[in-house]
Amino acid sequence: MTALSVLVGAVVTIGMLWVVPTGLALLDGPRPPGWDPLRRAWPLFAVPGVLSLWLPRSGLSTALAAVYALATLALALQAPARLFLTRSLRPGGVAVLTALVAPSVAGLALVAERASYPLFGFDLELLALTVPHFHFAGFAAALVAGLLCRVSEGPAARFAALSVPAGTLLVLLGYFVDDWAELAGAVVLTAGMTTVAVLTLRERRATAADRLTRALLTVSALVLFVTMLLALSWALGEATGLPHLDLTWTAATHGLGNALGFTVCALLARRRLTSDRRATPAPSPTAHPRTELPA
């Protein structure tokens with residue numbers, strides 16, 4: 001295995017086994033039929049997906065990848081069901097729906113890559129990189145952008161919740177068009193993720209009570225400023241021919257930074273914030289003193 005494939009395999013393993021189930025546990029609101037069984041059974045589908053990453057490309061690894069792909073498809077089908085129950089397309093909801101659909105793109109790319117099939121004409125290296133991209137930029141980043149709308153309802157939060165899914169979609173479309181279209185997607189995605197970073201720092205001051213949660217939010221935000229500049233630099237270099245890091249170094253810096261520095265820290269912080277919020281008892285109704293009537 002090459003250094004790039006080992007790095008991608010390690011990052012995707014984290015995405016499959018921890019990022020997706022942790023992110024799903026943070027979602028409140030209506031639960032469509034099948035939501036709870038799918039969330040509880042996720043590790044049973046993720047383990048075959050992980051095994052497929054570390055085996056040589058073969059019929060066995062393709063079959064194992066297909067098991068995981070079926071789980072991502074079931075998750076994607078939760079998006080229209082959730083939309084039907086909420087009957088709302090607010091920006092935060094759009095980001096959450098995007099998060100639910102994104103892993104299915106990763107699942108499809110994984111099956112094609114394990115089968116050595118150049119899906120839509122893409123080489124196997126690009127298909128392999130599509131898998132982490134749609135676990136972290138597609139799922140985790142969109143989910144965090146959607147969750148930010150819980151604590152901030154201003155225009156910045158709405159912009160982040162819409163631009164992160166839009167940027168991810170534009171990057172995907174850029175694969176089919178050209179490097180300039182992919183650069184446009186990178187610009188939109190960078191703008192959205194930078195807004196997520198700014199809002200995260202603001203949330204750190206407003207809602208994070210303990211030192212560890214504040215540290216996790218700070219790291220997740222600061223890492224984003226760096227990693228998204230690296231992604232933008234790579235896309236600009238590909239479109240214009242300007243000097244830039246090659247794909248392996250971009251994956252090792254931008255990809256690894258986003259996976260560990262942003263996603264893991266952000267989800268750990270939000271799990272702590274969610275636990276604190278759920279553990280806080282609702283305020284009891286104010287008791288009104290009894291008033292004695294005059295005799």
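Quick caveat, the model's predicted, so the values are computed rather than measured.
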Can you tell me how far the [atom1] atom of [X] sits from the [atom2] atom of [Y], to the nearest 0.5 Å?
X	Y	atom1	atom2	answer
L53	L110	CG	CG	5.5 Å
L26	T274	CG	OG1	5.0 Å
R39	L75	CZ	CG	11.5 Å
L169	T98	CG	OG1	8.5 Å

| request: Kindly state whether the ring of F176 and the ring of F120 have centres lying under 6.0 angstrom apart. | output: yes

Got a donor-acceptor contact below 3.5 angstrom from the [X] side chain to the [Y] backbone?
X	Y	value
T130	A106	no
S104	V101	yes
T62	S58	yes

| Are any of the side-chain heavy atoms of L127 and L119 separated by less than 4.5 Å? |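 L127 reaches L119 side chain to side chain.
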
Consider only side-chain heavy atoms of I, L, V, M, F, W and Y, link residues closer than 4.5 Å, and tell whether [X] and [Y] are in one cluster.
X	Y	value
W54	L64	yes
L260	L267	yes
L230	L224	no
V219	V226	no
Y175	L232	no

| said: Is it true that, when you exclude F225 itself, more than 12 heavy atoms of the residues, nucleotides or ligands shown sit nearer than 6.0 Å to its CZ? | reply: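 Count over threshold, so yes.
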
Looking only at heavy atoms, what is the nearest atom pair of [X] and [Y], with distance?
X	Y	result
R82	G29	NH2-CA, 4.4 Å
S61	P56	OG-O, 3.0 Å
P33	Q78	O-NE2, 3.3 Å
G192	S163	CA-OG, 3.0 Å
G174	A181	CA-CB, 3.9 Å

| request: Let me know which of V12, V264, V19 forms a side chain to side chain contact (heavy atoms under 4.5 Å, CB included) with F136. | output: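 Only one option passes, and that is V19.
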
| message | Holding to side-chain hydrogen bond (donor to acceptor under 3.5 Å, both in side chains), I want the full list of residues that pass it with H254, two or more places apart in sequence or in another chain. | response |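 Partners of H254 under the side-chain hydrogen bond (donor to acceptor under 3.5 Å, both in side chains) test: none.
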
| message | Tell me which pairs pass ring-ring contact (aromatic ring centres under 6.0 Å, His included) where either residue lies in residues 59-107, with sequence neighbours left out. | response | W42-Y68, Y68-H135

| Please walk me through it: do R214 and E203 pass salt bridge (Lys or Arg N to Asp or Glu O under 4.0 Å)? | CA-CA 9 Å; R214 289 197 300 271; E203 183 185 16; over 6 Å; no

| query | So which pairs with a foot in residues 49-78 pass salt bridge (Lys or Arg N to Asp or Glu O under 4.0 Å), sequence neighbours left out? | reply |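 Salt bridge (Lys or Arg N to Asp or Glu O under 4.0 Å) check on residues 49-78 returns R57-E113.
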
| Any side-chain donor near an acceptor of the partner, T213 and R272, under 3.5 Å | yes

